[in-house]
Student: 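Mind having a look at this structure? Questions to follow.
Whatever order the structure lists ligands and atoms in, that order sets their numbers, starting from 1. All values below come from the heavy atoms of this structure, side chains included, with hydrogens, waters and symmetry mates left out.
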Amino acid sequence: MTDNPARTARLGQNQYGKAETRVVRITREGELHHIKDLNVSVSLSGDMEDVHYFGSNANVLPTDTTKNTVYAFAKEHGIASPEEFGLLLARHFVGTQEPIRRARIRIEEYAWERIGGPDARHSFARTGGGTRVAQVVHDGERAEVVAGLKDLTVLNTTGSEFRGYRKDRYTTLPEAYDRILATDVSARWRYAWTGAEGEGAPDWDLCYRESRRHLLEAFAQTYSLSLQQTLYRMGARVVESRPEIEEIRLSLPNKHHFLVDLEPFGLENDNEVYFAADRPYGLIEATVLRDGAEALIPADLTTL
Ligand SMILES: O=c1[nH]c(=O)c2[nH]c(=O)[nH]c2[nH]1
């Protein structure tokens, strides 16, 4: 079987797996406990014509099994980093199941910080400060690792202008000489590493920590003439500082803060009271590449 039973239709791109398996792994060193908290989505593809055309499940590893594998691997291998855990899973599915040719593992990691003072060993609070994300794709030969973060909310209370822009008969926006600049940073960066023989893997945790730090420092240190300019500086800082990274894509909503008109109350608003609008928002997105690198991160980060 593999013949298409229909005359005018054929199967296109397809993938399957268990989405959003939530796994919490506790590691205990005596009374000192460590926590890793992940949301893991598995997508497998390969020789899947027969299940779609004829309902033959002979090539289908159940999605339930992929979920169980996530839990079993958390026990057997622990979770060093989302990138490493994703690579372990991707290599396992492609390496042990003949019909599966490609595995994509997407992981979100929720961070916890210790609470309870100096003696705290087993109490944690979920941190704000964004969610770490990683995606690993493995096709039996090459690996591609794209990592990043999302929902990291940042704000500058000064050091931001927006003026000198084009104006037409619909333009009402007043020029801003000193505005609030706020955004939720969503960033994805692609590693040059492909998992070839003898190629040492990057230190995933270090690269994550440092890239996050560079993004935040560039946001804070850039005197902004537009969010576009700030975005470019943030991306360029990462590419210039981390040789492991070939390409970074940023998606930055411009979280507008409008000065409230206090005149009706006989009060002056000297850049002190703002209305924080949640929508609509400007959406500024761009990729920053190392010279000579290929742009491989998709334009729409919500699909990644
Ligand atoms: O930083 C900005 N970039 C824009 O393109 C834009 N457009 C707008 O209305 N406000 C802003 N701010």
Student: Apart from Y274 itself, what residues make up its hydrophobic cluster, given side-chain heavy atom links below 4.5 Å?
Tutor: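 ILVMFWY cluster around Y274 also holds L155, I180, L259.
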Student: What does the 4.0 Å heavy-atom contact list look like for ligand 1?
Tutor: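 Near ligand 1, by chain and number: F162, L173, R179, S226, L227, Q228, N254.
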Student: Test of understanding: with side chain to side chain donor-acceptor pair (under 3.5 Å), list the residues that count as partners of N57, not counting sequence neighbours.
Tutor: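 None.
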Student: Could you list the donor-acceptor pairs under 3.5 angstrom formed between side-chain atoms of residues 120-127 and any protein atom two or more places apart in sequence or on another chain?
Tutor:
residue : atom : partner : partner atom : Å
R121    : NH1  : E31     : OE1          : 2.9
T127    : OG1  : A111    : O            : 3.2

Student: Going by an N to O cut-off under 4.0 Å, is there a salt bridge joining E108 and K150?
Tutor: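 The answer is yes: the pair qualifies as a salt bridge.
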Student: Centroid-to-centroid, F73 to H92, below 6.0 Å?
Tutor: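 Ring-ring flag for F73/H92: true, centres closer than 6.0 Å.
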Student: Between Y223 and E161, do the side chains contain a donor N or O and an acceptor N or O under 3.5 Å apart?
Tutor: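 The answer is yes; a qualifying pair exists.
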